[in-house]
**Q** 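The following block contains the structure, expressed as structure tokens.
If you're wondering where the values come from, they're calculated on a predicted model, not measured in any experiment. Here is the naming used below: chain letters follow the sequence lines, and residue numbers restart at 1 for every chain.
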Amino acid sequence: MSLTEASAEAEHIPEQAEAVRGKGPWQLAWERLTRDRAAMVSLGVIAVIVLLALLAPVFAAITGHGPQEAFPATGLTPEGLPVGPGSGFWLGADSLGRDLFVRILYGARISLLVGLLSTLLATLFGVVVGMVAGFYGGWVDGVLARVLDVVLSFPYLLVAIVLVAVLGASVPLMILVIAFFSFAAMARVVRGQTITYKEREFIEAARSMGASKPRTMFVDVVPNLIAPVTVLATLLIPTSIVFEATLSFLGLGVDPRTPSWGAILSDSVDYYRVAPGLLIFPAVMLLLTTLAFNLLGDGIRDALDPRGEGGR
Amino acid sequence: MALLEVSGLTVSFPTPDGAVQAVRGLSFDVERGRTLGIVGESGSGKSVSTQALMGLVRGAEVAGSALFEGRQLIGMPAEELRRLRGAEISMIFQDPLSSLHPLYTVGWQIVELIRIHEPFVGKAQARKRAAELLGLVGIPQPERRVDDYPHQFSGGMRQRAMIAMALALNPKLIIADEPTTALDATVQAQILDLMMRLQKEFDTALIMITHDLGVIADIADEVLVMYAGKPVERAGRRDLYYRPHHPYTVGLLESVPSTTGAKERLKPVPGQPPSLLRPPSGCTFHPRCPYVMSRCRREEPPLMGEPGHQSACWLPLDVVGLGPEAARRREEESS
Amino acid sequence: MRPLLRVTDVRKYFPIREGLFVQKEVGRVHAVDGVSLEVRAGETLGIVGESGCGKSTLARCITGLYPVTSGSIEFDGDPRREVQMIFQDPYGSLNPRRRIGSIIADPLVIHRVGTKAERRRRVQELMELVGLNPEHFNRFPAEFSGGQRQRIGIARALALRPRLVVCDEPVSALDVSIQAQVINLLKDLQAELGLTYVFIAHDLSVVRYVSDRVAVMYLGRIVETAAGEDLYKLPRHPYTNALLSAASVADPDLSARRERIVLTGDVPSPIAPPSGCRFHPRCPKAMPKCVTDDPRLLAQGRPEGGHLAACHFPVEPGERLGSEKAQIEQESTEPHLEKGGGT
């Protein structure tokens, strides 16, 4: 009897283990995601939108229409109404004779920029607050949880209106406003996840080996938060994009001359009878973008957590 | 005709990685008033198979035949199956808390069960029967405890209440799936005792599913050993323990420490259970079998032997009782 | 000779708090309530008992996971590095998102032992020691079966070359055929590395197999302790007798021959343990004295034999103990405590 014998007992195994060699949870999740048709189509749609946004200046050059330039001679009919889709204005012109197609592409830049940056900020802030609250518990948690409650019960539109009125509309301000109102949702989820993981036996194991609290938090809790945070962040992006469109629609978003989907929609209100494209095209873009991000988020959730476990 | 005749049962779960073949060709009979023990480790298919019979596994493909008093259970409409469950076949699970509704009193749940299946029984009468049942399974002051909620019961008492519910409609067959696994040794002894007593009293057939060879040793008339979705050995209780044939059965019996306190090295079954996505060729047990022959890798052995003792193994049938315990027994019996 | 571990009158109470704003203590779970024991270097002390008896809580007090309420735990060495623990759940005790190489290296990193390359070498050495393929250090826990995961947990516990390893139900979550692999491994490691074990389990035959001495716990107390075979052959405390007789054995004839002592009722709540002897409400031998007087652990038989039992009326050799099926009279009305009591 010896240890070699003991290992012989165990080392009968491999056949089956070999089949899944070295595939970590992330790789497995990626493989599951690539098999999810809806998520893949969504990813494709997002890629196309991003590409179009990046290529906006190219299309401006091709059509010869700058995003803020008005072409009253060619873009408006003799009666002063916007022209419909055609060879000159691919999707038609707006009420001032600006190229709708070019403006929508430039609008995509704003939407994506605001959506991504505000989500990034909200995620960073939300993760830190949520983890600190969940891991330390006690009065720290008590205070932070109340702060989150307050943020979540703010009338966000009212606050946004006041801020814009006081500070003036700008992209950075809008990103900050959106991030401020979405970080609380992230913080709540992260706090809940942290609390469930804190009770897990592997955290107890780490403590029994003498690991410090911050170490357990970063080494053992953080890797387990990546999945839920990724999912929620993906779902926050479309919310932020809609938030931006709403503010711009109300004229509280970016500078009114800057093309933005919300502003274009707001512009269409008076003209949609004569130029329905003014309403339809930006609305479809908004819908496509948010739907694609939502479906991708669902796909990521399913891929990361195939059995619907994961702490909750 | 046996009460329940299962033949060629297969259950598989489609997954993105392929079909998980949880049960692959299971056949057994249960006679009235008898106890069949089904033993196996996790992933052996012992629980899934009976749950599939009762229409309790979602998303599974179930095939084969299961005749309960001549009625085909496989493919039976859900509504008909639901009426059969509880009334003629009842089930007891490992965790009674998941089967008892937390917001209703235990008595109310038994009354409901009785009245769903026997609509002409009055409320007061059903309640009286509920109290009687609780008394029967050894719950003290049943008249008072009828009005308790499940959380007011201890673990052992909840399992007793589950048994009371299982008996409420005087079923012909009870399927008990690891009913004592979550309980402590002293409480387990009480529950097993109770089940054996009631079974005799009501002449109910019982299928006892467990991983614990000790539980089976006390309660089963006949034992079916399952491995990786297949039956590997089927024998009367004493035959199984003292004249096991299949190397897996022998391995199971030998891997538990001796009851005499002897400290010789344990003989584990080497290796790990196989993947049900890609089960091994030939005999499913061959990668772990100490007696493996080339035939075992190619050909799948069917259950062979006499009606009372069958084993799915290519080893000659007279190599019965491979273990030292069996050898000791043989010596004792021959002298 | 100094024992490696000396536990003196250790108590661990968990407060039960209630209240919306101001948390008020409304009661205490007496999880461990006055336990003393010694463990000598190189031996295995088995601790058995049913759920709620406090054996897991005691284990966590010994490893320093729980601060004790009162009493002392003395270890002859550095308790932070030389006392390690093996956990019950091979799934829960390994972080699913980390590679096993880094999991096993955890204790080394935490205690700043060696360079990165040295740690890598040590991890592979440990993996080989517990019967895992050292090349698999880059894999994730999900790629291993239950038995293999338990080996990973063992490797992690051994990384700092501990002298005392507390095993909390190390095989009870494993399949029967795998249990024996892990038990053999633990015994081999003990012989090879001169380890001392505190081995906690509810499975009496497993504890008998691995232990030199066994302590039986009931409601936070040790009720009987003896060299393994003495305890199993001649149990003196009525509870030990009942526990041994209730354990199922994989041998139908032996099981049929055995005299069953079927206890009445359930284990009482550790929030308000019974007066006197804590076993008296369920004891077939209970007398008025048992209700009022708390029995102390006293030597049974020869004093140097080390067989102690806490009972006013210990079971004599050959004595028959309530073999007839007892009526269930008074089951506890307390809901089972899931929290704090441990298993």
**Q** Take a 6.0 Å sphere around CZ of F125(A) and say whether it holds more than 12 heavy atoms from other residues, nucleotides or ligands.
**A** no
**Q** Considering only heavy atoms from C-beta outward, does the side chain of M209(A) approach that of M85(C) to under 4.5 Å?
**A** no
**Q** May I ask you to decide whether D89(C) forms a salt bridge with R200(A), counting only side-chain N to carboxylate O separations under 4.0 Å?
**A** no
**Q** Please check: side-chain N/O of H111(C) versus main-chain N/O of G210(A), any donor-acceptor pairing under 3.5 Å?
**A** no
**Q** With a 4.5 angstrom heavy-atom cut-off, which part of R207(A) approaches chain C: side chain, backbone, both or neither?
**A** both
**Q** Of the backbone (N, CA, C, O) and the side chain (C-beta and beyond), which part of L94(C) lies under 4.5 Å from a heavy atom of chain A, both, or neither?
**A** backbone
**Q** Please check if the number of heavy atoms outside R35(A) that lie under 6.0 Å from its CZ is greater than 12.
**A** yes
**Q** Hey, could you give me the OG/CG distance between S208(A) and D168(C), rounded to the nearest 0.5 Å?
**A** 11.0 Å
**Q** At a heavy-atom separation under 4.5 Å, does R60(C) approach chain A through its side chain, its backbone, both, or neither?
**A** side chain
**Q** Restricting to non-hydrogen atoms, name the atom on A205(A) and the atom on S93(C) that form the minimum distance, rounded to 0.1 Å.
**A** CB-O, 4.2 Å
**Q** Using non-hydrogen atoms only, which part of P96(C) is less than 4.5 Å away from chain A: side chain, backbone, both, or neither?
**A** both
**Q** Taking NZ, NE, NH1 and NH2 as the nitrogens, is one of them in R98(C) or D220(A) under 4.0 Å from a carboxylate oxygen of the other?
**A** yes
**Q** What's the spacing between Y197(A) OH and R97(C) CZ if we round to 0.5 Å?
**A** 6.5 Å
**Q** Among I110(C), D106(C), N95(C), who wins on heavy-atom pairs under 4.5 Å with chain A?
**A** N95(C)
